[in-house]
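Below is one structure; the comments refer to it alone.
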Amino acid sequence: MPLRIYDTLTREKREFVPVTPGKVSMYVCGMTVQNKPHVGHIRASLSAEVMRRYLEHMGYEVSYAYNFTDVDDKIIERANAEGVDYTGVSERNIEAYLQFADLHNIKRATVYPRATQHIGEMHALIHRLIDKGHAYAAGGDVYFDVRSQADYGKLSGRRVDELREGYRIEPGEAKRDPLDFALWKGAKPGEPAWESPWGPGRPGWHIECSAMAMKHLGDTIDIHGGGQDLIFPHHENELAQSEACTGKPFANYWAENGLVNLSGAKMSKSVGNFFFIEDIAAQVDPEHTRFYLLSTHYRSPIEFSLERLKEAGVAYQRLRTPLERANVWAAPDGPAPVGELGQAVADADRLFHEAMDDDFNSAAALGHLFDLARAVNRSLDEGAGAEGVQAAKALYRLGGILGLFWKTPAGENWSAEILEIAARRDQARKAKDWKASDELRDQLAALGVLVKDGPGGQELKKK
RNA sequence: GGCGGCAUACCCAAGUGGUAAGGGAAGCGCCUGCAAAGCGCUCAUUCCCCGGUUCGAAUCCGGGUGCCGCCUCCA
């Protein structure tokens, strides 16, 4: 079954056909690095990354650009407040983003272009737009002329004449039409500025993405991602100026991800209700967070709370248990399972791929993994040995396509106190002193250690 | 006001014409000294409401209701 991807522009799922056979180009509007990364940034990155992983799994060579907008009003504002250069703020937040992306096993993009490193490319685009009559310079700024683009609004389903007159024109702006947007902003005193044919200034918000996408991926990219909150105006404007410039389609599939909600409302910087990923990572295993984010389709909104995450952790452990029982990380390859177990592996493999082929439906794909986990546990219970281990490895590989199961079961560094209590419990248990043994188990539980008794004796596990 | 999306069990969540995946929680059973884990079984005659199309609809059409997002910076 061919891969189908939902496209915001045409509002339908279409079979995926790359511009160049065997290759895929992806561009994702990444962070404006004015603050530390929050959960929404991680979700967007993850949504795109899973597409990338799956495309690579299918044999495509993927070029993936994730950009950083490293200069804007809020970055400047913050830098001024801290008495540092704007790069002091942007560099720090880019580092934080990469750190937490790594922590959640988000593969590094092919390239991380930054707005300020593409000033020349932006100037070139602006020149072309002015030459073609789609842009005009006014008062040190340069604006895109929205009405010069007949199909402006096609991505977000808006029409210029229907757009509410609720915007405002900043003092000093010289737009011909209120909907026109800045390609180049003339510098105000004290702001970081770059020289340009229109005077010193800095990029408008949208032109950077067109410049970076075209430079690194070409005039027409296959997949364009980012949060759904960017559809208008950002993606709309990106599309308009790019197509006005090249006359070619800018992106073939607009695959925007759904937003993260808190208590039913959108997580938002402006509202102030958001979680820094740093704070989540301090309390929740990154594997659990990744699993949770993948358990809802990428285009649906997702509720984020510690309770949900905790539930997801329990569910995720169900998937990991058979892998740990079989120790797939260390087990050598062997003959594929046959019979009923072999059938369970084949079914899971097929259903997993069918789900992912259907617009990267990781939620459905994960559901099929649970069926395989049960089959593996059953075979392990029945002493299937090597076959069960190979079935577990099949589960491990499927999860790996989604970037799960990357943590090997770490040998825990138990404190001397815990080891001492555990030793006493082991003794009590061997002496069949159940009362003492259970009390000691309670003590360990209070210290966050779970004790499991198996044929080989007791086993300690972090709760 | 305009544009878009969503509404499936106690909770989360798949499912876009063929007769309701999966997970959590809960209950029963097996296993276990007891637990934990695992396994087996139970848990929506029904998919927000009302009409319609169809042999057949959670899925399509029309009309409601509710919630969310965008229209200003936001992933």
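In this text the structure is predicted, and so the values were computed from the model without any measurement. Letters A, B, ... are given to chains in the order of the sequence lines, protein chains preceding strands, and every chain is numbered from 1.
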Sugar-phosphate only, base, or nothing, as touched by [X] at under 4.0 Å among non-hydrogen atoms:
{"X": "A/Ser437", "result": "base"}
{"X": "A/Arg158", "result": "base"}
{"X": "A/Arg159", "result": "nothing"}

Give the rounded distance in Å between these two atoms: [atom1] of [X] and [atom2] of [N].
{"X": "A/Phe232", "N": "B/rG5", "atom1": "CZ", "atom2": "P", "value": "17 Å"}
{"X": "A/Arg299", "N": "B/rC68", "atom1": "CZ", "atom2": "C1'", "value": "16 Å"}
{"X": "A/Phe291", "N": "B/rA14", "atom1": "CZ", "atom2": "P", "value": "12 Å"}
{"X": "A/Leu262", "N": "B/rC67", "atom1": "CG", "atom2": "P", "value": "19 Å"}
{"X": "A/Tyr152", "N": "B/rC71", "atom1": "OH", "atom2": "P", "value": "12 Å"}
{"X": "A/Leu319", "N": "B/rA21", "atom1": "CG", "atom2": "P", "value": "19 Å"}

*Residue closer to the 5' end of RNA chain B, A/Asp371 versus A/Tyr6 (nearest nucleotide)*: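 First, find each residue's nearest nucleotide; the 5'-ward one identifies A/Tyr6.
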*Using the aromatic ring of A/Phe370 (for Trp, its six-membered ring), decide whether it stacks on the base of B/rG22 within the limits of 5.5 Å and 30°.*
no
Hey, is the side chain of [X] poking within less than 4.0 Å of OP1 or OP2 on [N], counting only N and O atoms?
{"X": "A/Arg318", "N": "B/rG24", "result": "yes"}
{"X": "A/Lys452", "N": "B/rU32", "result": "no"}
{"X": "A/Arg378", "N": "B/rG40", "result": "yes"}

*Could you write out RNA chain B as a dot-bracket string, with dots for unpaired bases, | for bases paired across to another strand, and Watson-Crick or G-U pairs counted at under 3.5 Å?*
((((((((.[[[..)..(...]]].(((((.......))))).....[[[[[..)....]]]]])))))))....
